[in-house]
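Got a structure for you, questions after.
Note that the structure is a prediction, hence the values are computed from the model and not measured.
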Amino acid sequence: MSYLLPHLHNGWAVDQAILSEQDKLVIIRFGHDWDPQCMQMDEILAGTARKLQNMASIYLVDISEVPDFNKMYELYDPVTVMFFFRNKHMMIDLGTGNNNKINWPLTDKQEFIDIVETVFKGARKGRGLVISPKDYSTKYKY
């Protein structure tokens with residue numbers, strides 16, 4: 001499904017995507033197009049892109065093609081989704097301890113839409129950290 005979403009092929013393009021958008025979130029999926037977890041996340045991203053078009057611009061970045069951000073954003077996981085608003089990295093408290101990014105593939109489109117809506121509303125209010133509508137901690141998963 002990665003062919004349905006725009007790819008950014010160099011560091012300059014990533015910077016321009018983040019810098020140029022003033023009214024919408026910029027959602028960037030870092031990972032590899034061939035990775036099964038990225039494919040799963042790309043399906044969610046592509047399936048929700050139309051519904052989120054007024055709130056967010058979604059881009060894909062292959063971390064082996066564009067290694068510029070690997071150390072800066074600690075991109076060591078197979079799939080990483082990050083949010084930016086007006087050239088500012090938006091943090092989201094998912095209950096996992098890592099507030100910088102989503103580093104696992106989501107399986108439900110509505111869940112992702114809820115997260116994006118929460119981040120968008122918080123960003124419009126000037127918040128740098130928003131709390132996820134669902135707790136993803138392993139507290140209740142025995």
Practice problem: Please examine the side chains of Y73 and N100, heavy atoms only from C-beta on, and report whether any two atoms are closer than 4.5 Å. | Solution: no
Quiz item: Counting only N and O atoms by type, is there a donor-acceptor contact under 3.5 Å from the side chain of K101 to the main-chain atoms of E74?
Solution: yes
Exercise. Might you point out which heavy atoms bring Q53 and R50 nearest each other, and give the distance in Å?
Key: CG-O, 3.2 Å
Quiz item: Would you find more than 12 non-hydrogen atoms of other residues, nucleotides or ligands less than 6.0 Å from K109 atom NZ?
Solution: no
Self-check item: Considering all heavy atoms, the nearest P78-C38 contact
Solution: O-SG, 3.1 Å
Practice problem: Supply the atom-to-atom distance T80 OG1 to W104 CH2, rounded to the nearest 0.5 angstrom. | Solution: 10.5 Å
Quiz item: V14 and V81: same hydrophobic cluster, using ILVMFWY side-chain contacts below 4.5 Å?
Solution: no
Self-check item: Spacing of I27 atom CD1 and S57 atom OG [to the nearest 0.5 Å]
Solution: 8.5 Å
Quiz item: How many angstroms lie between atom CG of L75 and atom CE of M82, to the nearest 0.5 angstrom?
Solution: 6.5 Å
Quiz prompt | Euclidean distance, R127 CZ relative to I92 CD1, rounded to 0.5 Å | solution = 13.0 Å
Exercise. Would you give the length of the straight line joining atom CE of M90 to atom CZ of F84, rounded to the nearest 0.5 angstrom?
Key: 11.0 Å
Quiz prompt | Check: D77 side chain, V79 main-chain N or O, donor-acceptor pair, under 3.5 Å | solution = no
Exercise. Output, in order, the C-alpha distance, side-chain angles, deciding distance and verdict of side chain to side chain contact (heavy atoms under 4.5 Å, CB included) for M39 and D33.
Key: CA-CA 7 Å; M39 288 180 199; D33 292 340; over 6 Å; no
Quiz item: L5 and A46: which non-hydrogen atoms are nearest, and at how many Å?
Solution: CD1-N, 3.8 Å
Exercise. Measure across E21 and V26 and return the closest heavy-atom pair with its distance rounded to 0.1 Å.
Key: CB-CG2, 3.6 Å
Exercise. Search all heavy atoms of L8 against all heavy atoms of A17 and return the closest pair with its distance.
Key: CD1-CB, 3.9 Å
Practice problem: Nearest 0.5 Å please: distance from the CG atom of D114 over to the NZ atom of K134. | Solution: 10.0 Å
Quiz item: Any idea which heavy atoms bring P105 and M41 closest together, and the distance?
Solution: CA-SD, 3.9 Å
Practice problem: Answer with yes or no whether the hydrophobic clustering places I18 together with L52; edges join I, L, V, M, F, W, Y residues whose side-chain heavy atoms lie under 4.5 Å apart. | Solution: no
Quiz item: Are V116 and M91 joined in one hydrophobic group, where the rule is that I, L, V, M, F, W and Y side chains link up if heavy atoms are under 4.5 Å apart?
Solution: no
Exercise. Find out if a path of hydrophobic residues (ILVMFWY) with successive side-chain heavy-atom gaps under 4.5 Å connects I44 to I113.
Key: yes
Practice problem: Look at the side-chain heavy atoms of Ile, Leu, Val, Met, Phe, Trp and Tyr, link any pair under 4.5 Å apart, and say whether M55 and I102 land in one connected group. | Solution: yes
Would you mind writing out the side-chain donor-acceptor pairs for residues 58-72 within the sub-3.5 Å range, not counting sequence neighbours?
unit_1, atom_1, unit_2, atom_2, d
D62, OD1, H32, ND1, 3.2
D62, OD1, S64, N, 3.0
D62, OD1, S64, OG, 2.7
E65, OE1, H9, ND1, 3.4
E65, OE2, H9, ND1, 2.8
N70, ND2, I63, O, 3.3

Exercise. Check whether any side-chain heavy atom of I131 lies under 4.5 Å from a side-chain heavy atom of T118, and answer yes or no.
Key: no
